[in-house]
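Below, each value reflects all heavy atoms present in this structure, side chains not excepted, and no hydrogens, waters or symmetry copies.
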Amino acid sequence: QEQLVESGGGSVQAGGSLRLSCAPPGNTAPFTCIGWFRRTPRKDFEGVAALQPGGGTTQYADSVKGRFTISQDHANNTLYLTMNNLKTEDTGTYYCTATRNYGATCNSRTTVGFTVRGQGTQVTVST
């Protein structure tokens, strides 16, 4: 199964920042939607952010709007999630995910259901 590779997780204090990276798989066929979701300590899955590579449209969960930024470096085809003003409730395992389905709805909620994904990277925010 195709797999993405996340990096950049770690432990920070509340108010701090982290930047997550997601490297593309060997298959370079274009994605129609890419994004991030997280699994919380309660084992809930929550969509975080989504980006449509074609037009650059982005969408965020209300819980992270104004603090997180999703972006893509087209030169190396790497996806980023820049997280500022982190809160303890942002703690979780973050997964990069993508789809090539042209019919897929592209928003933070739908990223949870995409089948191309990574192993996850842990983010821990403490007080």
- Message: Taking Val125's backbone N and O only, do any of them form a donor-acceptor pair with Thr88's side chain (distance below 3.5 Å, no angle check)?
- Response: no
- Between Asn76 and Thr78, does any side-chain donor sit less than 3.5 Å from a side-chain acceptor? yes
- Message: Testing the basics here: between Thr127 and Gln13, what is the closest heavy-atom pair and its distance to 0.1 Å?
- Response: O-NE2, 4.1 Å
- Task: Answer yes or no: is there a side-chain heavy-atom contact under 4.5 Å between Trp36 and Leu20?
- Result: yes
- Note on the structure: Shortest non-hydrogen pair, Ala50 vs Thr111, comes out as CB-CG2, 3.8 Å
- Please test Thr105 against Asn107 for side-chain contact (heavy atoms from CB on, under 4.5 Å), starting from the C-alpha separation and ending with a verdict. CA-CA 6 Å; Thr105 299; Asn107 61 46; 3.5 Å; yes
- Arg67 atom CZ: more than 12 heavy-atom contacts under 6.0 Å: yes
- Message: Using 0.5 Å steps for rounding, measure from the CG atom of Leu18 to the OG atom of Ser11.
- Response: 8.5 Å
- Query: Under a 4.5 Å cut-off applied to non-hydrogen side-chain atoms, are Phe68 and Thr82 in contact?
  - Reply: no
- Between atom CZ of Arg38 and atom CD of Glu89, what is the distance when rounded to the nearest 0.5 Å? 8.0 Å
- Residue pair Cys106 / Leu51: nearest heavy atoms and the distance that separates them: SG-O, 3.8 Å
- Is it the case that one hydrophobic cluster holds both Ile34 and Val116, taking links as side-chain heavy atoms less than 4.5 Å apart, direct or via other members? yes
- Message: With heavy-atom distances below 4.5 Å as the criterion, would you say the side chains of Val123 and Thr91 are in contact?
- Response: no
- Ignoring hydrogens and angles, state whether a donor on the side chain of Ser17 or Asn84 is under 3.5 Å from an acceptor on the partner side chain. yes
- Which atoms form the tightest heavy-atom contact between Glu6 and Gly118, and what is the distance? OE2-CA, 3.1 Å
- Message: Counting only heavy atoms from other residues, nucleotides and ligands, does the tally under 6.0 Å from CD of Gln119 exceed 12?
- Response: no
- Atom CD1 in Ile70, atom SG in Cys22: separation rounded to 0.5 Å? 9.0 Å
- Task: For side-chain contact (heavy atoms from CB on, under 4.5 Å), just list the numbers for Phe31 and Thr99, CA-CA rounded to whole Å, side-chain angles, deciding distance to a tenth of an Å, and then say yes or no.
- Result: CA-CA 6 Å; Phe31 293 116; Thr99 184; 5.8 Å; no
- Message: Looking at Arg100 and Glu2, is any side-chain nitrogen of the basic one under 4.0 Å from a carboxylate oxygen of the acidic one?
- Response: yes
- Salt bridge or not for Asp90 and Lys87, using N-O below 4.0 Å? no
- Message: Is there a path of hydrophobic side-chain contacts, each under 4.5 Å between heavy atoms, that joins Tyr94 and Val12?
- Response: yes
- How far apart are the closest heavy atoms of Leu79 and Ser71, and which atoms are they? CD1-O, 3.2 Å
- For Glu46 and Ser63, test the side chains for any donor-to-acceptor distance below 3.5 angstrom and give the result as yes or no. yes
- Query: Does Val48 reach the side chain of Ser108, with side-chain heavy atoms less than 4.5 Å apart?
  - Reply: no
- Query: Aromatic rings Tyr95 and Phe37: how do their planes relate, parallel, tilted or perpendicular, breaks at 30° and 60°?
  - Reply: parallel
- Query: Which heavy atom in Ala104 sits nearest to a heavy atom in Phe114, and how many Å separate them?
  - Reply: CB-CE2, 4.4 Å
- Item | Gap separating the CE atom of Met83 from the OG1 atom of Thr69, nearest 0.5 angstrom | 11.0 Å
- Message: If I take atom OG1 from residue Thr115 and atom CZ from residue Arg117, how far apart are they, to the nearest 0.5 angstrom?
- Response: 7.5 Å
